[in-house]
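A note on names: the letters A, B, ... follow the listed sequences, proteins ahead of strands, and every chain is numbered from 1.
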Amino acid sequence: MNHRGVKGTQDIFTPEVEVWRFIESTASRVFENFGFQEIRVPIIEHTDVFTRSIGETTDIVEKEMYTFQDKGGRSITLRPEGTAPVVRAFVQHSLYAKRPINKFYYTGPMFRYERPQAGRYRQFQQIGVEAFGSDDPRLDAEMLLMLKLLLEKLGLKDLDCQVNSIGCPECRPGYMDVVRAYFHDLYGELCSECQRRFEINPLRIMDCKAPKCRELRVGAPSVLDYLDNDCSRHFNALTGMLQALEVPYTVNPNLIRGLDYYTRTTFEVIASGLGAQNAVAAGGRYDGLVAEFGGPEKTPALGFAIGVERMVSLIKETYKHRRRPALFIAALSKEAEKMALILSGRLRGKGVWTEISYDSASLKSQMRRADKLNAEYVLIIGEEELKRGSAPLRNMNTKEQVDLWLDKVVEQFT
RNA sequence: GUGAGUGUAGUUCAGCGGUUAGAGCACUGGAUUGUGGUUCCAGGUGUCGGGGGUUCGAAUCCCCUCACUCACCCCA
C-alpha cells in the first residue's frame with residue numbers, strides 16, 4: 001500500500017529545517033525586543049470565530065476552510081489564519097484588563113483548502129504578531145520597523161513595503177458609494193468577479209488583477225482622498241514616522257486586504273523572485289475586531305503575518321550554517337565496536353556530537369562515512385589500540401594524526 | 001473551481017512506433033595487509049503513474065483516470 005502526504009502539505013528535511021529554525025528564533029528575538037510575548041492558541045476553533053471576523057463573503061470563509069463536525073455535533077474549523085484565534089483568546093481571558101497595551105506573537109500551521117502552487121500550500125506556516133490597546137500611529141510605525149528589522153536580520157533584499165489606509169466604518173461607506181458611482185456606467189465591462197464585488201465590496205475592484213479592470217479604474221477616485229479627518233491624520237502621521245525611522249515604503253492606494261476586519265492601515269511586503277505568490281508578509285489595523293468578539297468597545301489593534309514557506313524559499317539558497325559532528329569513531333573489531341559505543345555514549349552525554357557506524361565495515365568505508373558526515377575528527381580503534389590503550393585521532397581537515405589515550409578522549413573533546 | 005505542462009531506477013533526466021529500456025548523480029564493494037574527499041574498476045533495482053484502445057509490434061500514438069507542477073482566482 002502506497003501512502004502519500006495530503007495534497008498541499010509538505011515534509012521538511014534537515015538542511016531546510018535549519019532555515020526554519022533560523023527564521024523562527026530570529027523572529028522571536030526581534031519581537032521580544034519590541035515587547036511582544038509569545039502566545040500559543042489552538043489549531044482548531046469554533047467555526048464562527050472565523051466566519052464572523054474574516055467575513056461571510058470572503059473567499060477564505062466561502063470556500064477555503066477545513067470545517068468538520070466533532071463527535072459532539074459542534075462545527076469546528078482548522079484555523080485559516082492567526083488573528084481571529086488570538087483576538088478570541090484576548091477577549092476570553094480579559095487580557096485587556098491586565099494592562100493597557102498587550103503585544104503577542106505566535107507561530108504555527110494554518111490551513112486553507114486551495115489549489116497548491118509555488119509558495120502556496122494547504123497547510124502553511126505563519127509567524128504573526130498582534131498588538132492591542134492603542135490607535136496611536138506610533139504602534140503602526142513601530143510594527144513596520146520591527147518587520148523591517150526582522151527582514152534585514154534574515155538577510156532579505158529586494159523587498160517592497162507597500163502601505164495604504166482603507167479608512168474606518170465612518171468614512172469607508174462614503175468612499176464605497178463614490179466607487180460605485182464611478183463604476184456604475186462601466187459595470188458591464190467589469191469582469192464577472194468584479195460585478196459581484198460591485199454589490200458586496202466595491203473596494204475589491206480596486207485591486208483586481210484583470211487587465212480590463214485595471215484599465216477601467218485608471219481614473220477612479222483614491223481611498224486616500226476620501227478618508228475622514230481622523231483617518232487622514234492617522235495615515236499622514238504614520239508615513240511621517242516611517243520616514244523618521246528610515247523604513248522604506250511605497251504608498252499603494254489599491255492595496256485592499258481580503259479580510260473584512262481591516263480598518264485604516266494596511267500593508268504588504270512584496271518580494272521579487274517568488275513567482276506569483278509574492279507577498280512574504282502582510283497585515284494591518286483591525287480597530288473594530290475586539291468589540292466584534294465582545295471585548296471593550298474601544299480596543300484598537302493591529303497585526304501582521306509572515307509566510308514562513310515563502311521566506312524559507314527566499315533564503316535557503318544563501319543559508320549556509322551547518323552543524324557538523326565533532327568526532328567519528330571507527331572500530332575495527334568486535335571489542336573495538338563495544339569501546340566505540342561506550343565512548344560515544346560518554347561524549348554524547350557531555351554534549352559532543354559523536355558518530356559511530358552500526359555494521360562491521362572496512363576502515364576505508366568507515367572513513368568514507370566520516371567524510372560524508374563531515375566529521376571534524378576520526379578516532380580509529382582496533383585490536384592494537386585496545387591493547388596499548390591509545391588510538392590515532394585524525395584531523396579530517398589537516399590530515400594530522402596524533403595518538404590519544406582512550407581514557408582521555410572525553411576530556412579532549414569537552 | 002478554471003487553464004496549461006509533466007509523470008521512465010533512490011534522484012535528475014535521455015529514449016518518443018521496432019530486438020533483452022539507458023546515462024549522470026547517489027549507494028555498496030574493490031584498486032597488495034588498517035586511513036576519507038580526486039581518479040579507475042565492478043555491482044543492483046524499474047508493474048516506463050494506473051486502466052482501456054489502435055497496431056504484427058506501444059515507454060513511444062489515442063481515450064479515460066490519478067498524481068505532481070505552474071498559472072488564474074485568492075492570499076502568507
For a quick check, tell me whether the side chain of [X] and the base of [N] share a donor-acceptor pair closer than 3.5 Å.
| X | N | answer |
| --- | --- | --- |
| Arg394(A) | rG36(B) | yes |
| Gln366(A) | rG34(B) | no |
| Arg369(A) | rC27(B) | no |

Looking at [N], which nucleotide sits across from it as a Watson-Crick or G-U wobble partner, both distances under 3.5 angstrom, or is there none?
| N | value |
| --- | --- |
| rG46(B) | none |
| rC56(B) | rG18(B) |
| rG29(B) | rC41(B) |
| rU11(B) | rG24(B) |
| rC70(B) | rG3(B) |

Begin from the C-alpha positions of Ser357(A) and Gln366(A) and carry the test side-chain hydrogen bond (donor to acceptor under 3.5 Å, both in side chains) through to its verdict. CA-CA 7 Å; Ser357(A) 68; Gln366(A) 293 193 58; 3.2 Å; yes
Gap in Å between the two C1' atoms, one belonging to rG10(B) and one to rA71(B), rounded: 31 Å
Filter on side chain to side chain donor-acceptor pair (under 3.5 Å), then keep only pairs touching residues 338-354 of chain A, sequence neighbours left out; what's left? Trp353(A)-Glu355(A)
For [N], does either OP1 or OP2 sit under 4.0 Å from a side-chain N or O belonging to [X]?
| X | N | value |
| --- | --- | --- |
| Arg204(A) | rC75(B) | yes |
| Lys364(A) | rG36(B) | yes |
| Lys63(A) | rC73(B) | no |
| Gln117(A) | rA71(B) | yes |
| Lys7(A) | rC68(B) | yes |
| Ser362(A) | rG29(B) | no |

As a test of reading the structure: which of [options] is closest to the side chain of [X], going by heavy atoms?
| X | options | result |
| --- | --- | --- |
| Arg120(A) | rG36(B), rA76(B), rG34(B) | rA76(B) |
| Ala276(A) | rA76(B), rG36(B), rA71(B) | rA71(B) |
| Asp59(A) | rU28(B), rC75(B), rC73(B) | rC73(B) |
| Ala118(A) | rA76(B), rU28(B), rC70(B) | rC70(B) |
| Arg4(A) | rG29(B), rA76(B), rC68(B) | rC68(B) |
| Leu363(A) | rG34(B), rA71(B), rA76(B) | rG34(B) |
| Gln277(A) | rG34(B), rC73(B), rA67(B) | rC73(B) |

Could you work out, with side-chain hydrogen bond (donor to acceptor under 3.5 Å, both in side chains) as the rule, every residue matching Glu385(A), not counting sequence neighbours?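 If we apply the side-chain hydrogen bond (donor to acceptor under 3.5 Å, both in side chains) test to Glu385(A), skipping adjacent residues, there are no hits.
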Considering every strand and a 4.0 Å limit on heavy-atom distances, what is the contact class for [X]: base, sugar-phosphate, or nothing?
| X | value |
| --- | --- |
| Ile306(A) | nothing |
| Gln401(A) | base |
| Glu62(A) | nothing |
| Tyr121(A) | base |

On RNA chain B, compare the nucleotides closest to Gly283(A) and Pro116(A); which residue's is nearer the 5' end? Pro116(A)
Upstream residue (5' side of RNA chain B) when Arg115(A) and Phe124(A) are each assigned their closest nucleotide: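 Between the two, 5'-proximity favours Arg115(A).
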Looking at Glu309(A) and Gln125(A), would you say the former's side chain and the latter's main chain have a donor-acceptor pair under 3.5 Å? yes
Is it the case that over 12 heavy atoms from other parts of the model lie below 6.0 angstrom from the CZ atom of Phe34(A)?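 Enclosed: over 12 neighbouring heavy atoms sit under 6.0 Å from CZ of Phe34(A).
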Counting only heavy atoms from other residues, nucleotides and ligands, does the tally under 6.0 Å from CD of Gln195(A) exceed 12?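 Yes.
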Would Asp140(A) and Arg264(A) satisfy salt bridge (charged side-chain N to carboxylate O under 4.0 Å, His left out), going step by step from the backbone distance to the final call? CA-CA 10 Å; Asp140(A) 307 50; Arg264(A) 290 192 168 172; over 6 Å; no
Rounded distance in Å - NZ (Lys372(A)) to C1' (rC27(B)):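 So the NZ-C1' distance, Lys372(A) to rC27(B), works out to 8 Å.
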